[in-house]
Amino acid sequence: MPWDRNQMAARAAQELQDGYYVNLGIGIPTLVANHIPAGVEVTLQSENGMLGIGPFPYEDEIDPDLINAGKQTISELPSTSYFGSADSFAMIRGGHIDLTVLGAMEISEKGDIANWMIPGKMIKGMGGAMDLVAGVKKIIVVMDHCAKDGSPKFIPGCSLPLTGTNVVDMIITDLAVFHRADHDSPFELIELAPGVSAEDVAAKTTAHYDVAV
Amino acid sequence: MPWDRNQMAARAAQELQDGYYVNLGIGIPTLVANHIPAGVEVTLQSENGMLGIGPFPYEDEIDPDLINAGKQTISELPSTSYFGSADSFAMIRGGHIDLTVLGAMEISEKGDIANWMIPGKMIKGMGGAMDLVAGVKKIIVVMDHCAKDGSPKFIPGCSLPLTGTNVVDMIITDLAVFHRADHDSPFELIELAPGVSAEDVAAKTTAHYDVAV
Amino acid sequence: MKRIYPDAQTALEGLLFDGMHLCVGGFGLCGIPERLIDALRDAGVKDLTIASNNAGIENEGLGKLLGSRQVKKMISSYVGENKEFERQFLSGELEVEFCPQGTLAERCRAGGAGIPGFYTKTGVGTQVAEGKEVKNFDGDDYILERGIFADLCLIKGWKADKAGNLIFRKTARNFNAPMATAGKICVAEVEEIVEVGDLDPDAIHLPGIYVKRLISGAPYDKKIEFRMTRERETA
Amino acid sequence: MKRIYPDAQTALEGLLFDGMHLCVGGFGLCGIPERLIDALRDAGVKDLTIASNNAGIENEGLGKLLGSRQVKKMISSYVGENKEFERQFLSGELEVEFCPQGTLAERCRAGGAGIPGFYTKTGVGTQVAEGKEVKNFDGDDYILERGIFADLCLIKGWKADKAGNLIFRKTARNFNAPMATAGKICVAEVEEIVEVGDLDPDAIHLPGIYVKRLISGAPYDKKIEFRMTRERETA
């Protein structure tokens with residue numbers, strides 16, 4: 001049985017280590033915050049200028065001056081600090097953030113990622129995605145294994161415009177987990193969702209990868 | 001009679017305009033603060049990270065955490081703000097400071113300035129001088145007209161290592177004031193100390209300049 | 001020196017011209033200079049090039065200037081859901097330069113800091129790198145990005161003293177901080193103007209040197225794009 | 001995560017090696033990490049390359065490490081009056097890279113911000129430009145300066161909370177702010193460690209992400225280089 005959104009998020013959360021500073025993208029990545037392992041202290045960064053994101057606010061705590069990078073209202077913590085956008089991306093670009101979890105449309109076997117535009121569709125922009133994949137120490141992608149039409153998303157080379165080249169460290173899909181030790185190594189299939197076989201994954205993947213399950 | 005240090009500083013102070021943000025170098029330039037014209041509000045910047053320098057502190061106000069760029073104890077004002085060195089020089093390099101007054105060893109007729117090292121002598125370093133002459137909107141040099149051995153300091157080309165090229169806007173010596181409208185124009189002699197003639201100045205200057213007195 | 005103006009309209013007097021370049025602070029609708037945007041709209045100045053992280057939504061923020069067709073070009077990282085934006089963009093009426101968010105913030109900081117260009121890894125190997133110089137430092141490729149320096153910067157702060165020293169509040173700081181420095185002149189609107197000495201000199205976000213003109217824009221009715229809440233646990 | 005250490009010596013454990021590069025905060029003797037410098041001296045680590053605006057004076061600040069011959073190279077803007085420095089420099093024992101003060105500050109900020117190089121007007125046409133790439137932007141020449149990224153950054157703050165959020169005091173902020181970001185790890189000493197929540201989140205100068213190890217170095221007996229005063233007007 002493939003993993004659902006929450007299970008994928010929970011799997012990503014297993015990569016969190018005590019003391020990590022983490023930036024979570026919009027969508028499934030946001031759910032990772034609900035699965036932080038016990039005893040692990042993680043500080044969440046929001047690229048619009050905040051370290052130490054709290055949960056969504058109570059109705060009477062809502063503050064228009066306090067939003068995350070998805071423009072959602074949030075709350076602060078006692079450890080929170082605020083800063084401007086230049087300082088925020090100095091932090092990201094400078095490699096001070098330990099981990100980011102992002103969604104993607106396509107990932108290539110070389111670790112390229114495409115997640116910001118589809119030619120012919122209205123372009124909304126890359127936001128902070130290009131900065132995050134270029135700067136953060138470890139990049140985890142969480143995405144459905146296949147597109148809605150059934151076509152593979154982990155492929156030999158991306159067909160969509162890229163967000164970054166050779167940047168992805170780990171891919172968590174609803175079917176499997178792929179990982180690589182460094183950016184010169186190929187991805188390895190290291191884990192399968194319950195009831196999913198390595199053959200199932202192979203049938204739905206065109207990227208080359210090593211198998212370690 | 002040539003101008004003394006205080007008179008040179010007072011002359012430089014006449015260039016101050018209401019609302020100016022000003023950085024004053026060490027030595028005679030520091031004295032400019034004592035001659036700010038009535039009705040003119042000027043904010044002094046210290047490149048170690050402060051806007052709004054106050055006077056020297058009273059004995060019981062001395063604070064080791066509160067010094068100017070010359071490492072002298074100073075006081076703060078109600079309008080003071082503090083910032084780090086990167087932000088301080090962003091302000092300077094970015095052209096946000098209106099005026100700086102600096103000393104110099106040599107000035108060339110092209111507006112080059114040499115004020116940081118003498119070959120063969122111990123080099124102490126340029127400190128913030130190169131940043132100031134490169135970044136501040138208007139550069140005024142205050143210096144003795146001649147070196148101690150009587151040789152001219154306003155000369156065709158500098159012999160000492162440069163601090164900046166084509167940056168000086170005005171030169172105030174103990175004998176005269178030179179000014180140029182822009183960095184493509186030659187300097188003009190625009191003012192003489194009392195009892196000093198244009199011929200006296202010419203005899204002690206090897207730089208080419210126009211005469212407008 | 002006159003720094004405090006009675007309203008946004010007078011604060012912009014003498015600063016506006018057709019075809020000008022602006023930097024406008026804010027992230028989404030958070031920390032946008034609402035009063036100054038309204039005054040820009042009312043002034044009718046046109047063919048504007050605006051660097052701003054977002055382009056507002058319909059009838060809010062910079063969306064107002066899109067509605068009135070005053071914008072020629074946007075330099076933004078994300079333009080969200082704005083039907084009028086989409087229409088103008090797809091029809092070619094509006095030019096858009098997409099710039100990664102961190103690159104945009106740094107380009108503004110650089111412009112304000114006298115840095116005409118810097119190298120970044122962001123965007124290497126992507127469309128963003130097209131036409132840009134690539135340089136290798138210590139084995140990695142970086143692209144050259146240019147500083148942004150506008151004719152006018154418009155920002156929104158929380159409080160400022162009469163010397164122009166300004167502080168922001170929470171995530172409303174965002175692009176207002178770097179953009180305030182990135183132009184010939186910066187006009188700021190704040191929620192409250194306080195006396196000199198009322199703000200902690202160690203806690204000033206933007207020194208008065210950058211705030212040449214200042215207005216109080218209160219009262220504010222701040223808009224929220226995505227209102228999220230959680231339930232209080234019942235005892 | 002362990003962030004707070006009992007003293008400077010333990011805070012540096014495992015971080016030191018001969019030939020390493022450091023960024024050390026402070027301006028003159030103002031805001032220098034005294035305890036950490038003492039611990040460096042006591043550790044005896046040598047052949048250090050140190051980026052620091054100044055090199056201390058005899059037996060104060062980095063002057064201590066010069067006295068014990070632990071420094072191979074300084075990257076500084078001004079090295080003031082220090083006889084031992086002068087002797088080592090003139091005899092060729094000590095290498096010095098003079099760097100304009102603003103360029104040094106920006107190189108550290110750039111290194112910490114993932115920017116390997118940037119262009120500046122500072123130093124164009126001077127000795128500082130020798131061997132550096134010159135590029136023309138919009139009619140003016142600029143030189144390429146490199147970011148600095150050290151093995152270890154040592155800084156001095158005023159207060160920090162237990163999450164590492166740190167504030168500086170007055171002009172003791174200086175180079176401590178950019179240098180804290182410019183290395184693989186930053187160790188900070190402060191005058192007081194306070195509880196999480198005691199500092200205003202809008203007024204943090206250095207977010208805890210940069211402060212990986214923290215000590216309280218109190219009590220401090222801060223040195224003054226040039227003690228200047230004025231007389232009280234008598235009534």
K.L.:
Give the member of C:V96, C:V124, C:T126, C:L90 that has the highest number of heavy-atom pairs under 4.5 Å with chain A.
P.N.:
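That would be C:T126.
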
K.L.:
Within a radius of less than 6.0 Å around CD of A:E41, do more than 12 heavy atoms belonging to other residues, nucleotides or ligands occur?
P.N.:
no

K.L.:
Could you tell me which of C:G25, C:C99, C:A110, C:G31 has the largest number of non-hydrogen atom pairs under 4.5 Å with chain A?
P.N.:
C:C99

K.L.:
Measuring heavy-atom distances to chain A, does C:F168 have an atom under 4.5 Å in its side chain, in its backbone, in both, or in neither?
P.N.:
neither

K.L.:
Sub-3.5 Å donor-acceptor pair from the side chain of C:N174 to the main-chain atoms of A:G84, do we have one?
P.N.:
no

K.L.:
As an exercise: rank C:A105, C:P100, C:A55, C:A172 by heavy-atom pairs under 4.5 Å with chain A and give me the winner.
P.N.:
C:P100

K.L.:
Look at C:W158, C:Y220, C:F98 and state which one has the largest set of heavy-atom pairs under 4.5 Å with chain A.
P.N.:
C:F98

K.L.:
Quick one: NZ on C:K170 to OG on A:S81, what's the gap to the nearest 0.5 Å?
P.N.:
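If we round to the nearest 0.5 Å, C:K170:NZ and A:S81:OG are 12.0 Å apart.
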
K.L.:
Using heavy-atom distances under 4.5 Å, tell me whether C:N54 contacts chain A through its side chain, its backbone, both, or neither.
P.N.:
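The side chain, not the backbone.
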
K.L.:
Evaluate the criterion side-chain contact (heavy atoms from CB on, under 4.5 Å) for residue pair A:F89 and C:Q101; output intermediate values, then yes/no.
P.N.:
CA-CA 8 Å; A:F89 283 94; C:Q101 193 175 148; 3.5 Å; yes

K.L.:
So, taking the atom named OG1 in C:T122 and the one named CZ in A:R93, what distance separates them when rounded to the nearest 0.5 Å?
P.N.:
5.5 Å

K.L.:
Check whether C:C108 gets within reach of chain A through its side chain, its backbone, both or neither, counting any heavy atom under 4.5 Å.
P.N.:
neither

K.L.:
Among C:K222, C:K223, C:R230, which has the most heavy-atom pairs under 4.5 Å with chain A?
P.N.:
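Option with the greatest count: C:R230.
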
K.L.:
Identify the residues of residues 116-125 of chain A whose heavy atoms come closer than 4.5 Å to a heavy atom of chain C, ordered by number, or report 'none'.
P.N.:
A:W116, A:M117, A:M122, A:I123, A:K124, A:G125

K.L.:
Report the distance from atom OG of C:S77 to atom CE of A:M130, rounding to the nearest 0.5 Å.
P.N.:
10.5 Å

K.L.:
Within the 4.5 Å heavy-atom criterion, are A:D131 and C:K121 side-chain neighbours or not?
P.N.:
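Not in contact.
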
K.L.:
Under 4.5 Å from any heavy atom of chain A, what part of C:R109 do you find: side chain, backbone, both or neither?
P.N.:
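Contact with chain A is through the side chain of C:R109 alone.
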
K.L.:
Anything in residues 44-73 of chain A with a heavy-atom distance to chain C below 4.5 Å? Please list those residues in order.
P.N.:
A:E47, A:N48, A:G49, A:M50, A:P55, A:F56, A:P57, A:Y58, A:E59, A:D60, A:E61, A:I62, A:D63, A:P64, A:D65, A:L66, A:I67, A:N68, A:A69, A:G70, A:K71, A:Q72, A:T73

K.L.:
Starting at CE of C:M179, measure out to OG of A:S85 and round the result to the nearest 0.5 Å.
P.N.:
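The CE atom of C:M179 sits 8.0 Å away from the OG atom of A:S85.
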
